[in-house]
**Student:** 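For reference, the structure I am asking about is given below.
Sequence positions, counted from 1, serve as the residue numbers for this chain.
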Amino acid sequence: MASYSEVLRQARSEAERDGIEPTSVEWLFFELLDWRRHDFIMKKDDKMTEAEVQQFKLGMQRLLEGEPVQYILGYQYFYGERFKVNPSCLIPRPETEEVMLHFVKQLRPHARVVDIGTGSGNLPIMIKHITPSAEVLATDISEEALQVARANAAEHEVDIEFLEGNTLEPLIEQGIKVDGLISNPPYISEDELEVMGESVKRYEPQVALFAEDRGLAIYHKILKELPQVLNPEAVVTFEIGYQQGERITQLIHALYPWLNVDVVQDINSNERIASFVWTSES
């Protein structure tokens, strides 16, 4: 039987040949073994067991076919915490952590807030962790995604109210008003499909990625419905595509010209956040 280091070296080589990031191989390898890097340093010359080899081979087969490592493992890390994921929900991205923190910093104590299009529930769960006094709600159009979100909330032992429905419609139907709204909606234009990675196109839910009207359709729907759900001085924060800042600002001002919209760049100097405080027309 080959050693751990030999098996990992061979897997890295296979991944590079197929254009797959070696870091995905290492993550799969260490997570399946429940190891950290120091474990590998201590045991790299030991022989792998047959069961370990077979488990890793199955995972590698899926990885080489293009399946995201997060779906193979069944989880992704977000803001240092682990969240269940499966193909019914989008894989949380590190960039979204910055969006969440921008939103949380603006919240008043005991605010009622909602995440629109929650997916795996990573945003409302972490918002509740960071601001325990907040009352947190979340919506999604997909019941399958909400099942994942509810499981994550139970595992993280936080109280989130999940509502099924399209954008703000569940809130409007129940007459719910909020002091803060955050959303990472589908914002990729359908004409960008060709430049998307094969892994994303084949495995992640298209409904959570793509939107009509050059990626702006869901923003437009949410924005039109805002007056029905926002309390005065409510904080609104959107994650946006890296080239959408100007168009999002124009869209907001077309509906509410008096609002002051901030477009904020992320750590990579890409436009990532559009945010404003809600006021009625003066």
Side-chain angles (χ1 to χ4, degrees), residues 1-98 119-122 125-126 144-145 147-149 151-152 155-156 184 188 192-210 242 266-270:
M1 195 65 62
S3 69
Y4 291 103
S5 60
E6 290 169 337
V7 171
L8 182 56
R9 188 183 310 115
Q10 176 64 28
R12 281 200 197 105
S13 176
E14 291 176 3
E16 289 176 3
R17 180 197 64 205
D18 289 3
I20 294 171
E21 286 290 329
T23 52
S24 295
V25 177
E26 293 175 8
W27 188 17
L28 177 67
F29 186 81
F30 289 142
E31 291 289 329
L32 289 179
L33 292 168
D34 194 23
W35 278 9
R36 297 298 172 258
R37 191 162 294 277
H38 68 269
D39 295 307
F40 178 70
I41 293 170
M42 295 291 292
K43 303 176 184 178
K44 64 181 180 178
D45 295 324
D46 294 350
K47 302 298 182 184
M48 288 187 75
T49 68
E50 181 66 31
E52 289 170 340
V53 170
Q54 290 307 311
Q55 185 183 27
F56 183 56
K57 278 186 175 179
L58 289 173
M60 276 299 299
Q61 182 179 346
R62 294 168 66 181
L63 190 67
L64 294 173
E65 289 172 353
E67 186 173 354
V69 64
Q70 295 90 342
Y71 288 157
I72 298 171
L73 295 171
Y75 51 83
Q76 164 71 319
Y77 289 95
F78 181 81
Y79 204 62
E81 296 291 336
R82 197 161 94 168
F83 290 88
K84 298 177 187 293
V85 293
N86 66 32
S88 70
C89 58
L90 199 66
I91 297 167
R93 266 63 172 183
E95 297 89 343
T96 306
E97 296 177 4
E98 295 184 63
S120 66
N122 56 299
I125 290 167
M126 290 313 305
E144 291 79 9
Q147 289 176 10
V148 177
N152 278 321
E155 188 166 298
H156 285 265
N184 176 19
I188 301 172
E192 295 180 75
L193 181 62
E194 293 305 314
V195 300
M196 298 294 294
E198 282 299 317
S199 177
V200 174
K201 288 191 290 186
R202 288 176 56 196
Y203 290 97
E204 297 200 57
Q206 304 296 288
V207 68
L209 289 167
F210 297 100
Y242 72 100
D266 63 18
I267 195 171
N268 297 313
S269 300
N270 293 320

**Student:** Looking at every non-hydrogen atom in both residues, tell me the closest pair between Ile72 and Glu67 and how far apart they are.
**Tutor:** CD1-O, 3.8 Å
**Student:** Give me the atom names and distance for the closest heavy-atom approach of Cys89 to Ala145.
**Tutor:**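 Of all heavy-atom pairs spanning Cys89 and Ala145, the closest is CB-CB, 4.3 Å.
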**Student:** Charged N to carboxylate O under 4.0 angstrom, Lys44 versus Glu6?
**Tutor:** no
**Student:** So how far is it from His156 NE2 to Ile125 CD1, rounded to the nearest 0.5 Å?
**Tutor:** 5.5 Å
**Student:** Parallel, tilted or perpendicular: which describes the rings of Phe83 and Phe78, with under 30° parallel and over 60° perpendicular?
**Tutor:**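 Ring orientation of Phe83 relative to Phe78: perpendicular.
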**Student:** Would you give the length of the straight line joining atom NZ of Lys84 to atom CG of Asn122, rounded to the nearest 0.5 angstrom?
**Tutor:**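 That separation rounds to 14.5 Å.
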**Student:** Set out, in order, the CA-CA distance, both residues' side-chain angles and the distance that settles side chain to side chain contact (heavy atoms under 4.5 Å, CB included) for Tyr71 and Gln76, then state yes or no.
**Tutor:** CA-CA 8 Å; Tyr71 288 157; Gln76 164 71 319; over 6 Å; no
**Student:** Is there side-chain contact between Trp35 and Ile41, with at least one heavy-atom pair below 4.5 Å?
**Tutor:** no
**Student:** Please step through side chain to side chain contact (heavy atoms under 4.5 Å, CB included) for the pair Val7 and Gln10, ending with a clear verdict.
**Tutor:** CA-CA 5 Å; Val7 171; Gln10 176 64 28; 5.9 Å; no
**Student:** Check the surroundings of atom OH in Tyr79: do more than 12 heavy atoms from other residues, nucleotides or ligands lie under 6.0 Å from it?
**Tutor:** no
**Student:** Distance only, no hydrogens: is a donor on one side chain within 3.5 Å (strictly under) of an acceptor on the other, for Glu31 and Tyr75?
**Tutor:** yes
**Student:** Which value, rounded to the nearest 0.5 Å, describes the distance between Glu14 atom CD and Gln61 atom CD?
**Tutor:** 11.0 Å
**Student:** Closest heavy-atom contact between Leu28 and Met60?
**Tutor:** CD2-N, 3.7 Å
**Student:** Val69 and side-chain contact (heavy atoms from CB on, under 4.5 Å): which partner among Thr23, Leu63, Ile20?
**Tutor:** Leu63
**Student:** Kindly determine whether Leu73 and Val85 satisfy side chain to side chain contact (heavy atoms under 4.5 Å, CB included), including the steps that lead there.
**Tutor:** CA-CA 9 Å; Leu73 295 171; Val85 293; over 6 Å; no
**Student:** Using modelled atom types and a 3.5 Å cut-off, is there a donor and acceptor pairing between side-chain atoms of Glu16 and backbone atoms of Glu21?
**Tutor:**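 Checking the backbone N and O of Glu21 against the side chain of Glu16, no donor-acceptor pair under 3.5 Å is found.
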**Student:** With side chains defined as the heavy atoms from C-beta onward, is the minimum distance between Phe40 and Ser5 less than 4.5 Å?
**Tutor:** yes
**Student:** For the OG atom of Ser88 and the CD atom of Gln147, what is their distance to the nearest 0.5 Å?
**Tutor:** 7.5 Å
**Student:** Do Glu26 and Arg12 sit within salt-bridge range, that is, some charged N less than 4.0 Å from a carboxylate O?
**Tutor:**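 Salt bridge present between Glu26 and Arg12.
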**Student:** Quick check for you: to the nearest 0.5 Å, what is the distance between Lys57 atom NZ and Gln54 atom CD?
**Tutor:**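 It is 5.5 Å, given to the nearest 0.5 Å.
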**Student:** Could you verify whether a donor N or O on one side chain and an acceptor N or O on the other, from Glu52 and Tyr4, lie under 3.5 Å apart?
**Tutor:**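 On atom types as modelled, these side chains qualify, holding a pair under 3.5 Å.
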**Student:** Closest heavy-atom contact between Tyr242 and Asn270?
**Tutor:**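 Result for this residue pair: CB-CB, 3.8 Å.
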**Student:** What distance do Leu33 atom CG and Gln55 atom CD have between them, rounded to the nearest 0.5 Å?
**Tutor:** 7.5 Å
**Student:** Look only at the side chain of Asn152 and the backbone of Ser120, and say whether a donor-acceptor pair between them is shorter than 3.5 Å.
**Tutor:** yes
**Student:** Step through the shown structure and confirm whether more than 12 heavy atoms of other residues, nucleotides or ligands are within 6.0 Å of CG on Asp34.
**Tutor:** no
